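Comments concern the structure below.
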Number of protein chains: 2
Amino acid sequence: MSVAIENFVKAIYKNDKNNTNDTKPGNIAKKLGISNAAATDMAKKLASKNLLKYEKYQALQLTDEGTKMALNVIRKHRLWEALLFKLFDMSLHEIHREAELLEHETSNFLADRISEYLGNPKFDPHGDPIPNAHGEITTIDNSIALSNTQEGKTYIISRLMSDDKEFFDFCALNGLKYGNSLLVTKQFNKNKMTQITINNNNIVLNEDFTNIIYVNESSY
Amino acid sequence: MSVAIENFVKAIYKNDKNNTNDTKPGNIAKKLGISNAAATDMAKKLASKNLLKYEKYQALQLTDEGTKMALNVIRKHRLWEALLFKLFDMSLHEIHREAELLEHETSNFLADRISEYLGNPKFDPHGDPIPNAHGEITTIDNSIALSNTQEGKTYIISRLMSDDKEFFDFCALNGLKYGNSLLVTKQFNKNKMTQITINNNNIVLNEDFTNIIYVNESSY
DNA sequence: AATTTAATTTAAGTATGCTTAAATATTATT
DNA sequence: AATAATATTTAAGCATACTTAAATTAAATT
């Protein structure tokens, strides 16, 4: 299957998961940077390949086959991120950028070799779960968005759910990294902002950021 | 530039080096598995991009720019081969197959990271020279084809110049590996065959193989 | 409920990178 | 040197993955 198709099913899968956006052609088009017309065309084509269900004016729904393809691409993406991060100490933004290209030119054989080499990791350096070779994915049920945390409690960063360079630069600058711990010092509920202490620095995060940073309650 | 273009200039570069084949459109077409018509079309297009010189019915000649592009792709190919070989212990055939895809989706930035990680190697696991970031390539001047070796002398394998699975399978089976040493026991000049001893086994190689296996004289 | 706004679809068209078939030029053979 | 064989080019056409513009449908607003 082509790069365009792989990116299309991946975009649907992700929009479906986030369910902030829906999976109508227009939203997929926006995500991929193509015209609405191109997205409708592609949707029809993929319906004929049994990768998704298309009904006029309705949201697109991946079939089992389409979901499997999406998870396979996501698996390769996240394995590459994990490998590049480990070997070359590249930034979260850089590993994402490279993985976005490599994911489409990676055989299942090579993906398995990478996974094996890394000890079959369940999460990538963003904390995103890596689907296994059978398309099974670990869902993190006990992690919550930073916006839902409580003042005075300590948490461990479990996921930085973004593709955005500016966000990653901010994270790098402030020590916001998968596995690091932070203390929530204040929730400004009115303004939907959160103040945290991390590495002895106090920083205030706005809504955009508190909804893509996920954390687990610290056990101590 | 597209995958098709990168593969096209790479094919010209390689046919030019081997100079057994020439670089007329038909030979490039055969190498790439496309029609002659497609090769002519592409040649015209690349001439307009100043990547090569095209004159009707003549051999194609890469410009400096075209040569630079070819070397850049070859650099990425060989760096990937070196990395995959080191990390995953894949066979020569497997690393070639994967590198053939990855080479086109690798930024210069990532290529430099791979090179750095490997200690800026000058040769890949086939013994092929890896161009550096400036497109400079080390030429091995003291290595000779196995067909030109002398009976009774010991040599070190310096290059296995092929893309062919059958050849690599044969090499793997018989211990023909970059860096290994072998003894030339007999040259059958009439039949253009060579008998060698390697790992205490005597094997006879035909012309196809003795011209793609390169060796250096052993110093002891 | 009617109207405005927005999203979606259809239609027509484009660039890339191929194909096959026919025409033309080159190379090899006698 | 003429002919046969081979290579190259031209021409026409196709699939993919896009585009813009116009038409249609759905959703939001008044």
Side-chain angles (χ1 to χ4, degrees), chain A residues 1-13 15-16 18-62 65-66 69-70 73 100-101 103-105, chain B residues 1-13 15-16 18-62 65-66 69-70 73 100-101 103-105:
Chain A
M1 291 294 166
S2 70
V3 173
I5 292 175
E6 288 186 348
N7 280 332
F8 202 86
V9 296
K10 194 176 71 161
I12 297 171
Y13 181 88
N15 268 18
D16 209 25
N18 290 352
N19 76 347
T20 43
N21 278 300
D22 70 5
T23 62
K24 284 189 178 176
N27 293 303
I28 304 304
K30 198 175 289 173
K31 188 153 192 166
L32 295 174
I34 60 176
S35 68
N36 286 3
T40 297
D41 264 14
M42 183 61 99
K44 283 182 188 171
K45 191 170 122 186
L46 298 195
S48 79
K49 288 184 191 285
N50 196 34
L51 291 168
L52 54 81
K53 278 176 191 159
Y54 170 72
E55 283 182 87
K56 271 192 184 182
Y57 304 105
Q58 302 304 307
L60 305 174
Q61 288 185 293
L62 290 180
E65 206 181 321
M69 180 183 287
V73 177
E100 203 67 13
L101 298 174
E103 63 185 12
H104 304 293
E105 302 302 333
Chain B
M1 290 294 164
S2 70
V3 172
I5 292 176
E6 290 186 347
N7 280 333
F8 202 86
V9 296
K10 194 176 72 161
I12 296 172
Y13 181 89
N15 268 19
D16 209 26
N18 289 352
N19 77 347
T20 43
N21 277 300
D22 69 6
T23 62
K24 285 189 177 176
N27 293 303
I28 304 303
K30 199 174 287 172
K31 187 152 192 164
L32 295 175
I34 61 176
S35 68
N36 286 3
T40 298
D41 264 15
M42 184 60 100
K44 284 182 187 170
K45 191 169 122 185
L46 298 195
S48 80
K49 287 184 192 285
N50 196 35
L51 291 168
L52 54 81
K53 278 175 191 159
Y54 170 71
E55 284 182 86
K56 271 191 185 185
Y57 304 105
Q58 302 304 308
L60 305 175
Q61 289 186 294
L62 289 181
E65 205 182 323
M69 181 183 286
V73 178
E100 204 65 14
L101 299 174
E103 64 185 13
H104 305 295
E105 303 301 334

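This structure is a prediction, so every number in the text was calculated from the model and none was measured. Labels below follow one simple rule: chain letters A, B, ... track the order of the sequence lines, proteins then strands, and each chain is numbered from 1.
Comparing D:dC18, C:dC18, D:dT9 by their closest approach to the side chain of A:Met42 singles out D:dC18. Between D:dC18, D:dT10, C:dC18, one nucleotide has an atom nearer to the side chain of B:Ile34 than all others, and that is C:dC18.
What separates CD of A:Glu55 from P of D:dT25 is a distance of 16 Å, to the nearest Å. One atom, CG of B:Asn27, and another, P of D:dA7, lie 8 Å apart when rounded to the nearest Å. As a whole-Å value, the separation of A:Lys56 NZ from C:dT9 C1' is 7 Å. If you measure from atom CG of A:Asn36 to atom P of D:dA27, you get 15 Å, rounded to the nearest angstrom. Put simply, CD1 on A:Ile28 is 14 Å from P on C:dA7, counting in whole angstrom units. Between the P atom of C:dA12 and the CG atom of A:Asp41 lies a distance of 13 Å, rounded to the nearest Å. A:Ile5 places its CD1 atom 15 Å from the P atom of D:dA15, with the value rounded to the nearest Å. Spacing between atom NZ of B:Lys24 and atom P of C:dT24 amounts to 20 Å, rounded to whole angstrom units.
Checking the phosphate oxygens (OP1, OP2) of D:dT16, no side-chain nitrogen or oxygen of A:Lys44 falls inside 4.0 Å. Contact annotation: B:Ser35 reaches the phosphate of C:dT19 (side-chain N/O to OP1 or OP2, under 4.0 Å). Within the structure, every side-chain polar atom (N or O) of B:Tyr57 is placed at least 4.0 Å from both OP1 and OP2 of C:dT27.
In this structure, the side chain of B:Thr23 engages the main chain of B:Leu60 through a donor-acceptor pair within 3.5 Å.
Nucleotides of DNA chain C nearest to B:Lys49 and A:Ala37 differ in position, and the one nearer the 5' end is that of A:Ala37. Position along DNA chain D of the nearest nucleotide to A:Ala39 versus A:Gln58 favours A:Ala39 as the more 5'-ward residue.
No more than 12 heavy atoms of other residues, nucleotides or ligands sit less than 6.0 Å from atom CD of A:Gln61.
The heavy-atom pair separating B:Pro25 from B:Ala39 by the smallest distance is O-CB, 3.5 Å.
Shown here, D:dT30 forms a base pair with C:dA1; the pair counts as Watson-Crick or G-U wobble because both key distances fall under 3.5 Å.
For B:Glu105, there are no side-chain hydrogen bond (donor to acceptor under 3.5 Å, both in side chains) partners at least two apart in sequence or on another chain.
Note on B:Ala4: only backbone sugar-phosphate atoms sit closer than 4.0 angstrom, heavy atoms only; bases stay farther off. Using a 4.0 Å heavy-atom distance criterion, A:Phe8 is classed as making no nucleic acid contact.
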Inset, instruction - Would you please test B:Ile5 and B:Met69 for side chain to side chain contact (heavy atoms under 4.5 Å, CB included) and show each step? - result: CA-CA 10 Å; B:Ile5 292 176; B:Met69 181 183 286; 4.0 Å; yes
